[in-house]
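Only one structure is covered here, and it is reproduced in the block below.
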Amino acid sequence: MTCRKLRKLMPLLAGDDLGPRRTRAVRAHVSACPACLRELEELREALSRFKAAAKDESVPDWSEGEWKALMVRAAGGTARDGEKKRAWGGHVLLPRWAAASALGALIGLVVLSVLFRGPGPGPAERPDPPLALADAGRAQDVVSMTMVSQETGLQIVWFFDKNFDYKGEQE
Amino acid sequence: MVLSGRAEAFEPLVTPYRGPILALAYRLTRDREDAREVAQEAFLKAFRSLGRFDLSRSFRNWLFQIAANEARDRLRRAKRERAAFEAAAREGIAAAPAPEAGRERRETRSGIMRALDALGRREREVFVLRDLQELDIRETARVLGCSSISVRVNLSSARRKIREAIRRDFPHLEEGR
């Protein structure tokens, strides 16, 4: 290794930041080169004093009040986040609960209606056949009986269905 | 406990790092007010992100990473604001002093901070984490999200510049007086 190449590596060597292979090569050179050794030691010393001066330097620090306020802010932020989450969660859960309740009620109604269903409506009843004195198409379903008063000549027709249930009359 | 959302467990967890995080923020932003805001935001972000913290990692380095990212974002914002202000000033729109410039002028800058001014952003990040916060190369790379090679290149350059700044501005440090 040449002095020129070593000087390029010297800043890393000064902080022991070279890999083991290069460190071995550099040390071999430095041990045989007083000029490089002196330069390396000066650099190490300067950096070491700089670090010490930096440690002694007045850097800002937290006052207790500031620090507490920050921690409260962190905790408060979390609490607010939690509330927000709960609020959002509630917002989202509310329709879920509502939907679940509605579904439950619907199922209940269906079950109840199945369990307690009365006799279903029978076949649609036919409307009463129109009363007609002479309806050939319904002659077999409707029976009429005509009564004529001998005194007044008044005539009345009674209608009956095929079961002889009374269906109406016509004068 | 704090990972499960217990806020009261957060303070004892981060109290040992309150000083180092603020110091890191100060050395990266080179401004006391900015450093305080960066550190505050870093702690708040750390708390919010605790659920995603990888337990196999160093908690201290994780905090450093958040603070370094926060400081970088703030410096970028400040740079953009300054550029916008300067553009406006060139066009004669604004006559007031730049927002950051005033604060920076008021800041009493220590020798250390003036030496750090000589470094580029990445060089400063690497130098502060490796030499002042004493992380190793791999930890520094992880905190900054870059390769170990990049850390070594920037560290080498930063130490060289610091050495020049010491020779130029702080000969007493070099001579050990």
Side-chain angles (χ1 to χ4, degrees), chain A residues 4-23 26 38-86, chain B residues 5-8 10-11 14-15 18-27 31-33 35-36 39-40 43-48 50 108 110-113 115-116 128 130-132 134 136-137 140 148 151-153 155-163 165-167 170 172-177:
Chain A
R4 189 174 173 182
K5 193 169 181 187
L6 187 134
R7 286 198 180 104
K8 281 186 183 170
L9 297 173
M10 206 169 272
L12 292 179
L13 182 65
D16 296 324
D17 292 313
L18 280 178
R21 193 174 55 83
R22 275 196 166 164
T23 301
V26 163
R38 191 173 60 250
E39 193 166 334
L40 177 64
E41 282 174 352
E42 281 174 7
L43 178 58
R44 274 194 176 139
E45 193 66 18
L47 288 174
S48 163
R49 291 207 180 97
F50 186 85
K51 286 185 205 173
K55 275 186 183 163
D56 293 343
E57 182 194 36
S58 157
V59 291
D61 195 7
W62 307 93
S63 69
E64 282 309 309
E66 262 181 333
W67 181 250
K68 289 286 173 198
L70 176 59
M71 290 300 110
V72 167
R73 203 175 144 203
T78 312
R80 277 196 300 279
D81 286 351
E83 279 165 21
K84 204 184 282 180
K85 275 178 192 165
R86 278 195 292 278
Chain B
R6 289 184 60 181
E8 67 274 14
F10 184 62
E11 185 173 357
V14 295
T15 295
R18 56 185 251 184
I21 290 291
L22 189 55
L24 174 69
Y26 176 55
R27 284 173 177 148
D31 182 277
R32 286 175 186 265
E33 286 175 42
R36 213 166 282 277
Q40 282 189 11
F43 280 118
L44 293 175
K45 276 191 178 167
F47 189 81
R48 286 196 292 265
L50 271 172
T108 308
S110 70
I112 302 297
M113 298 307 283
L116 292 177
V128 167
R130 171 69 188 99
D131 281 355
L132 304 186
E134 297 177 341
D136 64 28
I137 295 281
T140 303
S148 295
V151 168
R152 283 197 171 93
V153 168
L155 185 61
S156 178
S157 153
R159 283 177 180 162
R160 206 180 296 279
K161 287 182 181 176
I162 289 288
R163 172 74 190 275
I166 291 171
R167 271 190 182 145
F170 315 102
H172 63 284
L173 280 181
E174 193 173 46
E175 291 159 14
R177 279 181 282 160

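Convention: sequence-line order gives letters A, B, ...; per-chain numbering from 1. Everything quoted here is computed from the prediction, not taken from an experiment. Basis for what follows: all heavy atoms, side chains included, without hydrogens, waters or symmetry-related copies.
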Quiz item: Taking all non-hydrogen atoms of both residues, which atom of B/Ser156 and which atom of A/Pro11 are closest, and how far apart?
Solution: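 In terms of heavy atoms, the two residues are closest at O-CB, 3.6 Å.
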Quiz prompt | Over all atoms of both residues, closest heavy-atom pair of B/Ile112 and A/Ala53 | solution =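 Closest heavy-atom pair between B/Ile112 and A/Ala53: CD1-CB, 3.7 Å.
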Practice problem: Measure B/Ser157 against the heavy atoms of chain A and call it side chain, backbone, both or neither at under 4.5 Å. | Solution: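 No part of it gets close to chain A.
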Practice problem: Please flag which part of B/Ala39 lies under 4.5 Å from any non-hydrogen atom of chain A: side chain, backbone, both or neither. | Solution: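 For B/Ala39, backbone and side chain are both near chain A.
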For residues [X] and [Y], determine if any side-chain heavy atom of one lies less than 4.5 Å from a side-chain heavy atom of the other.
X	Y	result
A/Met71	B/Val14	yes
B/Arg159	A/Leu12	yes
A/Trp67	B/Thr15	yes
B/Phe43	A/Arg73	no

Practice problem: Mind ranking B/Asp136, B/Leu116, B/Ile137 by heavy-atom pairs under 4.5 Å with chain A and telling me who comes out on top? | Solution: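 The residue among B/Asp136, B/Leu116, B/Ile137 with the greatest pair count is B/Ile137.
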Quiz prompt | Note: B/Arg36-A/Glu66 ion pair, threshold 4.0 Å (strictly below) | solution =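 Salt bridge present between B/Arg36 and A/Glu66.
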Quiz item: Ion pair present between B/Arg163 and A/Glu39, side-chain N to carboxylate O less than 4.0 angstrom?
Solution: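 Salt bridge between B/Arg163 and A/Glu39, a charged N being under 4.0 Å from a carboxylate O: no.
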Quiz item: What's the verdict on side-chain contact (heavy atoms from CB on, under 4.5 Å) for A/Lys68 and B/Glu11, showing C-alpha distance, side-chain angles and the deciding distance?
Solution: CA-CA 9 Å; A/Lys68 289 286 173 198; B/Glu11 185 173 357; 2.9 Å; yes
Self-check item: Interface moiety of A/Arg7 toward chain B, non-hydrogen atoms closer than 4.5 Å
Solution: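 Answer is backbone: N, CA, C or O of A/Arg7 sit under 4.5 Å from chain B.
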Quiz item: Quick one: does B/Arg27's side chain have a donor or acceptor within less than 3.5 Å of a partner on A/Ala54's backbone?
Solution: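 Flag set: sc B/Arg27 to bb A/Ala54 pair under 3.5 Å.
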Quiz item: Hey, which of A/Leu70, A/Asp17, A/Asp61 has the most heavy atom pairs under 4.5 Å with chain B?
Solution: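 Top option by heavy-atom pairs under 4.5 Å: A/Asp17.
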Practice problem: First locate atom CG of B/Leu22, then atom CH2 of A/Trp62, and finally report the distance between them rounded to the nearest 0.5 Å. | Solution: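 With rounding to 0.5 Å, CG (B/Leu22) is 5.5 Å from CH2 (A/Trp62).
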